[in-house]
Amino acid sequence: MCGRFTLTPDSGAVEAEFGVSLPDGYRPRFNIAPSQEVLAVVRDAARGEDRAGWLRWGLVPHWAKDPAIGNRMINARAEGLATKPAFRSAFRERRCLIVADGFYEWARVPGEKRKQPYWIHRHDHRPFALAGLWERWGRGDEELVSCVIVTTEPTEVVRPIHDRMPLVLSVEDRERWLDPEADAGTLAGISRRADGEALQARAVSTVVNSPAVDGPECVEPLD
DNA sequence: CCAGACGTTGTT
DNA sequence: GTCTGG
DNA sequence: CCAGACGTTGTT
DNA sequence: GTCTGG
C-alpha cells in the first residue's frame, strides 16, 4: 500500500518536472503521513491549465457526516475505482497527481515481530506522480479539500517487500490521467500497472516509523 | 419502504 | 482489540 | 503506514 | 449522493 511518502527536492526541481509553479509553504518533506497536506496537481478546466496546490491526505466524500472518515480513506484500490461508492464520482471527475520523489513500504521480517521499512525512489531521484482522486467537503470555514492515493499490484522491485504499492504514473500517463475526457478503457489500462521502470528500494532506519520525525535521517541508507 | 454503509491493510 | 491522529 | 490512546467527575 | 440489505 502507500501509507507514507517523501517529497525531498527543492522547489525548482519540482516546478521543472511538472511545469507548474508551487503554492506557498513548500518545503522538502521526508515523512509525509496521512491527515497531512500533500502537494497535488489538478487540471483547472476554467483556466485551461494545470495548477499545484495542497490537499489533505485522507479522502472525505462530500456526503460524509464526520470528516474523520478521511483518516481511513488514504488508499483506493485501482480495481474498484469505477464501482466503489466512495470513489466513483471522484474517479470520473476529480483525478489528480500527487507529487512525490519516493514512498515507504514496510516488509515483514520472517520470524520477527518488527517490520523493516524501505524507501522506494527513482535512480535519478527525480520527482514523479502518484495517481490520486480528490474531493471537496463542507463549506465556508469548514471546507476541506482532500485526496486519496490509488494503489495497485507491486512492480518487480517492490514485490519482495510488499503486495501493494501506489500507482506510479509514467510521464505520458500523467496527461491521460488528468484529461477530463479520458475514456474508461484508457483509465483502466493506466490503473493496471505502476510504472516501475526507474525505481529502486533501499532499507532505512525505523526512525521513519514515527510520523513526528521528518528529516533526512528517514531516507539514509541503512547499510 | 427505511436504515445503514460507503475503505484498505494486515492478521487470524 | 480497536480506533484516532499524524 | 505507525504510534498512542482507550474515561469521568469534580476541583483547581 | 447512491447503493445494498432487511
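Chain identifiers are assigned alphabetically (A, B, ...) following the order of the sequence lines, protein sequences preceding nucleic acid strands; residue numbering begins at 1 within each chain.
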Whole-Å distance, A:Ile74 CD1 to D:dC1 P, equals 7 Å
5'-most to 3'-most nt of DNA chain E touching chain A (<4.0 Å, heavy-atom partner on protein side) reads E:dG1 to E:dC3
Handout entry: Span that lies between the P atom of B:dA5 and that of C:dC3, in whole angstrom
Key = 12 Å
If you measure from the P atom in B:dT12 to the same atom in D:dC2, how many Å do you get, rounded?
14 Å
* To do: Give the C-alpha distance, both sets of side-chain angles, the deciding distance and a yes or no for side chain to side chain donor-acceptor pair (under 3.5 Å) between A:Thr151 and A:Arg77.
  => CA-CA 5 Å; A:Thr151 63; A:Arg77 295 175 69 91; 5.7 Å; no
Same apolar cluster: A:Phe103 and A:Val204, side chain cutoff 4.5 Å: no
To the nearest 0.5 Å, atom CG of A:Leu130 lies from atom CZ of A:Arg174 at 10.0 Å
Atom CG of A:Leu81 and atom C1' of B:dT8 are separated, to the nearest Å, by 13 Å
Checklist line | Euclidean distance for C1', B:dT8 against C:dT2 (whole angstrom) | finding: 15 Å
Those stems involving DNA chain E that have three or more consecutive Watson-Crick or G-U pairs, both distances under 3.5 Å, are B:1-6 with E:1-6
Using atom names, set out every protein N or O paired with an N or O of nucleotides 5-7 of chain B below 3.5 Å, distance rounded to 0.1 Å.
{"from": "B:dG7", "atom 1": "OP1", "to": "A:Pro85", "atom 2": "N", "distance (Å)": "3.2"}
{"from": "B:dG7", "atom 1": "OP1", "to": "A:Ala86", "atom 2": "N", "distance (Å)": "3.2"}
{"from": "B:dG7", "atom 1": "N2", "to": "A:Arg72", "atom 2": "NE", "distance (Å)": "2.9"}

Centres of the A:Phe30 and A:Trp119 rings: under 6.0 Å?
no
Distance between the P atoms of B:dG7 and E:dG5, in whole angstroms? 13 Å
From CD of A:Gln116 across to P of D:dC2 the rounded distance in Å is 12 Å
#### Entry: Steps toward side chain to side chain donor-acceptor pair (under 3.5 Å) verdict (A:Gln36, A:Arg29)
CA-CA 11 Å; A:Gln36 298 178 348; A:Arg29 293 291 309 276; 2.7 Å; yes
Margin query: Regarding A:Asp179 and A:Arg176, does a basic nitrogen lie under 4.0 Å from an acidic carboxylate oxygen?
Written below: no
Practice problem: Quick one: label A:Thr151 by what it contacts on the DNA or RNA (base, sugar-phosphate, nothing), any heavy atom closer than 4.0 Å. | Solution: sugar-phosphate
Between CH2 of A:Trp119 and C1' of D:dC1 the distance, given in whole Å, is 17 Å
From CD of A:Glu153 across to P of B:dT9 the rounded distance in Å is 11 Å
From CA spacing to verdict: side chain to side chain donor-acceptor pair (under 3.5 Å), A:Thr186, A:Asp183:
CA-CA 5 Å; A:Thr186 302; A:Asp183 64 85; 2.9 Å; yes
With a 4.5 Å heavy-atom cut-off, do A:Val14 and A:Leu39 have their side chains touching?
yes
Minimum side-chain heavy-atom gap A:Val219-A:Tyr104 below 4.5 Å:
yes
In whole Å, measure the gap between the C1' atoms of D:dT11 and C:dG1 for me. 34 Å
To the nearest angstrom, the CG-P distance between A:Asp163 and B:dT8 comes to 14 Å
Given the options A:Arg136, A:Glu135, A:Arg43, A:Arg94 meets side chain to side chain contact (heavy atoms under 4.5 Å, CB included) only with A:Glu135
Here the distance between atom P of B:dT9 and atom CG of A:Asn71, to the nearest Å, is 17 Å
Which of B:dT9, D:dC1, D:dC2 is nearest the side chain of A:Arg164? It is B:dT9
Checklist entry - Is a donor on one side and an acceptor on the other found under 3.5 Å between the side chain of A:Ser210 and the backbone of A:Ala212? => result yes
Contact check, side chains of A:Leu167 and A:Leu169, non-hydrogen atoms, under 4.5 Å:
yes
If I pick the P atom on D:dC1 and the same atom on B:dT9, what distance separates them, to the nearest angstrom? 8 Å
